[in-house]
Q: 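If you scroll down you'll find the structure; I have some questions about it.
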Amino acid sequence: MKTMTLSKDKNRFFQGLDFLSYALEAFAVIGFELLLAYVIEINVYGYDFRSFNMWQSILHWTLTVIVWVLGGLYVIKECARKSGVDLIRNFREKSLIQGAKEMSLTQWVLLIIGTAFCLISTWLDWDGSKVLKEFSKKGPVLFTFQYIYYLAEVFLVLLIIVFGQYAFEKWFKNDKIPYGGIVVALTWGLGHWFTKGSLVTGIYTAIGGFVFGGAYLLTRRNLRLSYLFLCSMFIL
């Protein structure tokens with residue numbers, strides 16, 4: 001299913017730049033958390049996120065989620081207004097069932113393999129179930145807010161993938177390569193290297209981002225189905 005669209009009065013190069021700018025805007029929205037944690041909160045509380053009490057953590061996640069969701073919606077609206085590519089309409093018109101029916105057996109097999117790869121990697125990294133260990137460590141209240149935070153993060157990662165995919169398809173006229181996954185790997189993935197202070201974490205997240213980009217193509221660009229599988233790969 002091709003996603004390449006024609007924007008008015010612009011050649012392919014500048015159309016691609018526009019879509020890449022939307023991907024980078026979505027990444028910048030994710031970066032708000034750095035401003036909140038390392039500029040605002042550290043000056044207000046006098047210590048960083050690792051020392052937050054329960055209510056400080058909840059406030060941090062709540063503010064982050066609000067900005068992330070509103071920021072993501074703003075980028076979507078900006079793209080729809082300037083390019084005619086309306087992701088909200090796409091989301092409304094394409095159901096999960098429709099997306100599942102459109103996928104071939106080969107696509108399902110590859111998607112399941114990719115999901116299994118992410119789940120096994122997470123299991124090995126956490127030495128068990130990430131979900132159960134986080135629930136045990138944080139308790140029901142903190143766990144709930146953190147996982148709402150994860151859902152918002154996946155929303156923005158999906159936007160980076162979608163807009164990154166559009167950009168490179170404009171430039172190279174090839175809709176088979178997961179360009180969006182490459183963009184995620186080079187932004188959100190390597191961004192984890194900086195925020196976590198671990199090259200291994202950055203590389204691991206970058207590889208995961210590339211797999212996410214592949215999942216978007218395998219679901220035939222169905223946003224509902226893509227989001228569902230990305231949540232499974234990243235959160236579980």
Side-chain angles (χ1 to χ4, degrees), residues 1-5 19 23 26-27 72 85 87-134 147 150-192 200-236:
M1 179 188 300
K2 301 216 180 256
T3 62
M4 292 178 274
T5 59
F19 284 115
F27 177 58
V85 175
L87 298 187
I88 293 178
R89 184 174 61 195
N90 176 295
F91 182 82
R92 288 173 176 168
E93 292 177 350
K94 296 189 176 182
S95 67
L96 283 172
I97 295 176
Q98 177 187 352
K101 287 181 177 179
E102 289 177 346
M103 289 174 58
S104 68
L105 177 60
T106 300
Q107 288 172 322
W108 271 111
V109 169
L110 291 174
L111 188 57
I112 290 171
I113 290 173
T115 304
F117 166 79
C118 290
L119 295 180
I120 292 171
S121 297
T122 302
W123 183 278
L124 293 175
D125 186 46
W126 283 75
D127 193 24
S129 169
K130 171 186 174 184
V131 175
L132 292 179
K133 291 202 170 188
E134 290 202 308
Y147 274 67
Y150 286 155
L151 293 173
E153 186 173 12
V154 173
F155 163 61
L156 287 173
V157 169
L158 180 57
L159 291 188
I160 297 173
I161 291 171
V162 172
F163 292 132
Q165 190 69 32
Y166 269 79
F168 282 87
E169 285 182 0
K170 289 290 184 183
W171 291 329
F172 300 115
K173 292 189 174 181
N174 186 324
D175 63 351
K176 307 300 182 187
I177 299 174
Y179 299 114
I182 297 172
V183 175
V184 165
L186 294 175
T187 53
W188 176 74
L190 294 184
H192 275 69
V200 173
T201 300
I203 293 173
Y204 171 78
T205 311
I207 293 172
F210 184 77
V211 174
F212 294 169
Y216 171 62
L217 295 186
L218 290 172
T219 59
R220 300 181 67 84
R221 306 159 199 268
N222 182 294
L223 294 178
R224 293 174 187 261
L225 204 54
S226 296
Y227 182 75
L228 178 64
F229 273 95
L230 262 61
C231 285
S232 300
M233 292 176 177
F234 177 62
I235 295 176
L236 300 183

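What you see is a predicted model, and the numbers here were worked out from it, not measured in a lab.
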Q: Between Y147 and Y150, is the ring pair (Phe, Tyr, Trp, His ring centres under 6.0 Å) condition met? List the steps.
A: CA-CA 5 Å; Y147 274 67; Y150 286 155; 4.8 Å; yes
Q: My understanding is that only residues two or more places apart in sequence, or in another chain, count here; which of them pass ring pair (Phe, Tyr, Trp, His ring centres under 6.0 Å) with F155?
A: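 Partners of F155 by the ring pair (Phe, Tyr, Trp, His ring centres under 6.0 Å) criterion come out as none, since no residue qualifies.
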Q: What are the two closest non-hydrogen atoms of P178 and G214, and how far apart are they?
A: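 Nearest pair, atom of P178 first, then G214: CB-N, 3.7 Å.
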Q: Any non-hydrogen side-chain atom of D127 less than 4.5 Å from a side-chain atom of K133?
A: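 Counting from C-beta outward, D127 and K133 do come under 4.5 Å.
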Q: Under the side chain to side chain donor-acceptor pair (under 3.5 Å) rule, what pairs show up with a residue in residues 223-236, not counting sequence neighbours?
A: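 Counting only pairs at least two positions apart or across chains, the side chain to side chain donor-acceptor pair (under 3.5 Å) contacts touching residues 223-236 are T219-S226.
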Q: Given the ring of F168, does K173 sit roughly above its face, with NZ or CZ under 6.0 Å from the centre of the six-membered ring and within 45° of the axis?
A: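 No, cation not above the ring by the 6.0 Å, 45° rule.
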Q: Got a donor-acceptor contact below 3.5 angstrom from the Q165 side chain to the I177 backbone?
A: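 Yes, the answer is positive, given that a donor and an acceptor are paired below the 3.5 Å cut-off.
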Q: Dump the intermediate steps for side-chain contact (heavy atoms from CB on, under 4.5 Å) on Y216 and L223, then the final yes or no.
A: CA-CA 8 Å; Y216 171 62; L223 294 178; 4.1 Å; yes
Q: Any idea which heavy atoms bring A26 and I160 closest together, and the distance?
A: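 Looks like CB-CG1, 3.8 Å.
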Q: Can you establish whether the number of heavy atoms outside I97 located under 6.0 Å from its atom CD1 is more than 12?
A: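 Counting other residues, nucleotides and ligands, CD1 of I97 stays at 12 neighbours or fewer.
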Q: Are V85 and F19 close enough that some pair of their side-chain heavy atoms sits under 4.5 Å apart?
A: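 Heavy-atom side-chain distance check passes, below 4.5 Å.
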Q: What residues form a side chain to side chain contact (heavy atoms under 4.5 Å, CB included) with V109, not counting sequence neighbours?
A: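 Testing V109 for side chain to side chain contact (heavy atoms under 4.5 Å, CB included), a comparison that skips the adjacent residues, returns L105, I113.
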Q: Does the side chain of R221 reach to within under 4.5 Å of the side chain of D175, using non-hydrogen atoms?
A: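 Of all side-chain heavy-atom pairs linking D175 with R221, at least one is under 4.5 Å.
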Q: For side-chain contact (heavy atoms from CB on, under 4.5 Å), just list the numbers for R92 and L87, CA-CA rounded to whole Å, side-chain angles, deciding distance to a tenth of an Å, and then say yes or no.
A: CA-CA 9 Å; R92 288 173 176 168; L87 298 187; over 6 Å; no
Q: Could you list all the side chain to side chain donor-acceptor pair (under 3.5 Å) pairs where at least one residue sits in residues 103-119, not counting sequence neighbours?
A: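 Residue pairs passing side chain to side chain donor-acceptor pair (under 3.5 Å), neighbours aside: S104-Q107.
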Q: Can you measure from CG (L156) to OG1 (T187) and round to the nearest 0.5 angstrom?
A: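 One finds 11.0 Å between CG of L156 and OG1 of T187.
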Q: For F234, is there any backbone N or O sitting under 3.5 Å from a side-chain donor or acceptor partner on K130?
A: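 Yes; judged by distance alone, with no hydrogens or angles, the pair exists.
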Q: Within a strict 4.5 Å, meaning less than it, do heavy atoms of the I161 and F212 side chains meet?
A: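 Counting from C-beta outward, I161 and F212 do come under 4.5 Å.
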Q: Give the minimum heavy-atom separation between A23 and V183, together with the two atoms involved.
A: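 A23 and V183 have their closest heavy atoms at CB-CG1, 4.4 Å.
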Q: From K101 NZ over to R220 CZ, what is the distance, rounded to the nearest 0.5 angstrom?
A: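 Result: 14.5 Å between the selected atoms.
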Q: Is the closest side-chain heavy-atom distance between Y179 and F172 below 4.5 Å?
A: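 Y179 vs F172: side chains touch.
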Q: Considering non-hydrogen atoms only, spot the tightest contact between L151 and C231 and give its length.
A: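 In this case the closest contact between L151 and C231 is CD2-SG, 3.7 Å.
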Q: Not counting sequence neighbours, list each pair that qualifies as a side chain to side chain donor-acceptor pair (under 3.5 Å) and has a residue in residues 117-126.
A: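 As it turns out, the side chain to side chain donor-acceptor pair (under 3.5 Å) pairs with a partner in residues 117-126, which skip direct neighbours, are T122-Y204.
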Q: Working to the nearest 0.5 Å, report the span between CZ of F210 and CG of L186.
A: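 Rounded to the nearest 0.5 Å, the CZ-CG separation comes out at 10.5 Å.
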Q: Could you give me the CA-CA distance, side-chain angles and deciding distance for L159 and F27, then say whether side-chain contact (heavy atoms from CB on, under 4.5 Å) is met?
A: CA-CA 9 Å; L159 291 188; F27 177 58; over 6 Å; no
Q: Does any N or O in the side chain of N222 come within less than 3.5 Å of the main-chain N or O of Q98, such that one atom is a donor and the other an acceptor?
A: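 Looks like no, no N/O pair under 3.5 Å.
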Q: V211: what forms a side chain to side chain contact (heavy atoms under 4.5 Å, CB included) with it, not counting sequence neighbours?
A: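 For V211 the side chain to side chain contact (heavy atoms under 4.5 Å, CB included) partners, ignoring immediate neighbours, are F117, C118, M233.
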Q: Could you report the tightest heavy-atom contact between I235 and V131, atom names first, then the distance?
A: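 Closest heavy-atom pair between I235 and V131: O-CG2, 3.9 Å.
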Q: Please give me the minimum heavy-atom distance between A215 and L230, naming the atom from each residue.
A: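 What the structure gives for the nearest pair is CB-CD1, 4.0 Å.
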